[in-house]
Each structure stands twice: as C-alpha cells, then as structure tokens.
2 protein chains.
Amino acid sequence: MVSAARLFARQGARGTSIDEILSESGTGKSQFYHYFSDKDELIRCVHAMQIERMLALHSVIFEQLDSWEGFELLQDTVLHLLESQRFQNGCPIGSLASELAASDELVRIDTEQYFDRKKAAIVRGLTSMKLRGELRADTDVQGLADFVVTVLQGAKLMCKVRRSADSASASFRHMMAYLRSHRTALA
Amino acid sequence: MVSAARLFARQGARGTSIDEILSESGTGKSQFYHYFSDKDELIRCVHAMQIERMLALHSVIFEQLDSWEGFELLQDTVLHLLESQRFQNGCPIGSLASELAASDELVRIDTEQYFDRKKAAIVRGLTSMKLRGELRADTDVQGLADFVVTVLQGAKLMCKVRRSADSASASFRHMMAYLRSHRTALA
DNA sequence: AGCCCAGTGTACTGGGCGGTATAATCTCCG
DNA sequence: CGGAGATTATACCGCCCAGTACACTGGGCT
C-alpha cells in the first residue's frame, strides 16, 4: 500500500501496473486479491489513506489556526513537505484527483470531502479569531477559507511543475498579507 | 487530435488508448503513425496544442490586463469556460501536468513555460498600472503575478473536484480584493 | 495508358495487463 | 501428531494495448 502510494505519486495511478506494485513491495498477487477486490479499490484505498495521513499530519496545526502564527506554521509545513520530496510530487491527493476525478466519482467525492475538512479547520480558526476581535466583524470567513484551500492547492501544483518553491512561497506571502489585511486595530 | 484532447480531459492520457481515439475520430491507425511516431509524441502535441489554444483564447484579455476591468474580465472568462463544460474538466493543461509532470520531463517543461507566459502577461499589465501610478510604487509585481497564476490554477482544480464554481468564485473575489488593496489614492 | 508514391484501411503480432485457479504452506486447536 | 481453515506462491488465461506489415487507393506525371 505504501509502495503503491509511492509509485502512484511518481507515475500516476493509471500509469502503474499491479505487477509493478507487487514487485516493489515484495508480495504476491494472491495477497493483493485477498485484501482488494480489484485495482480500482486499491486506488481508492490508497487515496483515502493519503487523505487521512495528510489530515493527521496537519491535525496539530489545524488546532492552531486561530492565530497568525498558526497560518505561518501551516504554510511552512507545506513548504517543508514539498521540499523533502524535492518538489517532484506536489500534492499526491490533488494529483490523483486531477487524474481521476472526471472518471471515478468515488475518488472525486473523497477529494471533495478532504477539501471540506481542510476548509472546516480553517473556518474554525478564523471564526475564533473573529470572536476574539482580531478579525474585522464583516470578514467573509467561509470565502476566505475557500481562498486559502485554493491557494494551497495551486501552490502545490506550481511546485510540482516548476520544481521550485519560488512561486509557491510568493503566493503564500501574498495570501498571508491579504489575511492580515482583515485584522482589527486591536490585533 | 481534438478527439484525443476530449478523451484525455475525460479519462486522462494514460487512461485513453490509441484505438479509442481512432474510433472516436473515425480514422485509421496508419494515419496516426504517419503523423506521430508514438503515443508519447501525441500526448505532447495535444498538450502543446492545448497550451497554444488557451494562450490564443486569452491573448485579447492578456492585453487588457493593465486595468482592474481586465482582471475582472480574465476571471469571468475563466469561470465561463469552466461552466461551459459543467465543471467536469477543470484545466486540461493543469490536469495533464498533474498526471505526467513527474514522469515526462518534456510535458513538465512545456507546462512550466505556459505558466511563465501567463505570468509574463500579468507582469506586463501590472507594470504598466504601476507606471501610470495606479499601483503603489512598492508593489511586488513579480510575486503578485505568481500569486494570480497560482490562484487561477487552484480555482480550476476546485471546480473540477467540487463540480461547482462556488469555491473558485469566492477565491477570485478575494484575489481581486487583494489586488485592489495595492491601488494608490489616485486610482 | 503506365508508373509512381504519398496517403489510407486493416489484419496482424508480441507483450504486458488485470484477474483467476490451484497447489503449497502456515497456524491453530484437539 | 493430525487435520481444517486461513493465508500465500506461482503458473496461467484471455484480453487489450502499442506498434507493424502489407495491400490498396487515387491523383499527378511522362
């Protein structure tokens, strides 16, 4: 499963054969078909696993999203994660979604829920900042959260294509500047 | 070639067979191998064609990017394009890049140049706004252009996954608000 | 007419794919 | 020990894939 994830990131789900995954993981075919009914199920499981892995990895950060430092931490973490793979993979969830969202409805819905959960965490953080009076009362928390998710996802694609963090970090800088433009005098 | 593009958008390049393309376009195999040496070349040609098509389609808008109305027009055009395909495809260039950038270096580089050309058009527009005194003198034109490209790309992925323009249009709204926050008193 | 040849239709090939069948092995319990 | 059931290795199957071979067409030239 972890082998499958690695290969999917490198060559896409459709571009990876079951035999390849098996030889990389050192297991046999009977094991595979014992745990999964077919390749599509494997793809969905890998995708769901990546989603849970990402959300778990960021869960601590998500709880700190009620401060500017929290958002800084979020973008730093994303950049470090991308750098640790030398900007070669971008976002495994986004990549798989791009490849399969149009043809596999279950993958599409799982991805949608992933974005929803990310957005919800951001909404929570921004809302409590608003309640504390750090954000202006007329701040569009929902739209802003969508905006953050969009920028994060776009930035990860930029990294993958450009093999560099330059565009992504510039985008993050501007995103943060915009977020901060909603702060009140008190904050 | 246009059939190939349509199928690639729906099921990805790796998920589309040559036979499928041929039966959809009503041509034979000998024609295909007369014009292309192999499938990879077709993929690259389709990708390059999509890039030129997109840039040509936006060329008029790119020339108007020296005004707020120009940017409004850009985002409206992108949204209309996405809507006309019922948000099922997102960005064909971004999708293909997500799928293949890690394994096909030529596709990656073509995509990078596509982003560069888009960015250059935005830089031109913002620079002339700056020279006319509509943007603050300390505006980071380069970074801002990267930011716009990133948001556009992220928004197109959001449309594809969510099958709705809500996230995208919220993101565009906030992007515009941020751009406008750089205007001078005179503008 | 006779020839040529770029362009086209189509049958074919070898290999790799997803998936299955079957036999061997391990594990647990009497 | 012995046997039953779960787990695993491996040989295999049919299909579909990318790519090739080859026969055919029709228009231009002599």
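The chains referred to below are lettered A, B, ... by the order of the sequence lines, with proteins before strands, and numbering in each begins at 1.
- Taking atom CZ on A:Phe32 and atom C1' on D:dT7, their separation rounds to 16 Å, with Å as the unit.
- Atom CG of B:Asp19 and atom C1' of C:dT10 are 12 Å apart (whole Å).
- One atom, CG of A:Leu22, and another, P of D:dT8, lie 13 Å apart when rounded to the nearest Å.
- For B:Ile18, the side-chain atoms get nearest to D:dA18 when compared with the rest of D:dA18, C:dG19, D:dT7.
- In terms of position along DNA chain C, the nucleotide closest to A:Glu20 lies nearer the 5' end than the nucleotide closest to the other residue of the pair A:Ser37 and A:Glu20.
- Distance, A:Ile43 CD1 to C:dC17 P: 14 Å, rounded to whole Å.
- Look at CD1 on A:Ile21: it is 17 Å from P on C:dG16, rounded to the nearest Å.
- Among D:dG19, D:dC17, C:dT20, the nucleotide with an atom closest to any side-chain atom of A:Tyr33 is C:dT20.
- What you find for B:Ser95 and B:Lys160 is that their closest heavy atoms are OG-NZ, 3.0 Å.
- Side chain of A:Ser30, nearest nucleotide from D:dT8, C:dT8, D:dA18: D:dT8.
- Contact detail for B:Cys159 and B:Ala165: the closest heavy-atom pair is SG-CA, 4.0 Å.
- Rounded to a whole Å, the CD atom of A:Glu41 is 11 Å from the P atom of C:dG19.
- Panel note: side chain A:Arg136, backbone A:Ser181; a donor-acceptor pair is recorded below 3.5 Å.
- Atoms CZ (A:Phe36) and P (C:dG18) sit 14 Å apart, rounded to a whole Å.
- Distances shown here put a side-chain N or O of B:Gln31 below 4.0 Å from the OP1 or OP2 atom of C:dG9.
- In this model, the phosphate group of D:dT8 is approached by a side-chain N or O of A:Tyr35 to a distance below 4.0 Å at OP1 or OP2.
- In this structure, a donor-acceptor pair under 3.5 Å is absent between the side chains of A:Asp146 and B:His174.
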>> Run the salt bridge (Lys or Arg N to Asp or Glu O under 4.0 Å) test on A:Lys130 and A:Glu134 for me, step by step, so that the C-alpha distance in whole Å, both residues' side-chain angles and the decisive distance to 0.1 Å come before the verdict.
In response: CA-CA 6 Å; A:Lys130 196 170 169 179; A:Glu134 293 174 30; over 6 Å; no

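- Looking at the side chain of A:Lys29, the nearest of the listed nucleotides C:dT20, C:dG7, C:dG9 is C:dT20.
- Summarising the geometry, the separation between CZ on B:Arg14 and C1' on D:dC17 is reported as 13 Å, rounded to the nearest angstrom.
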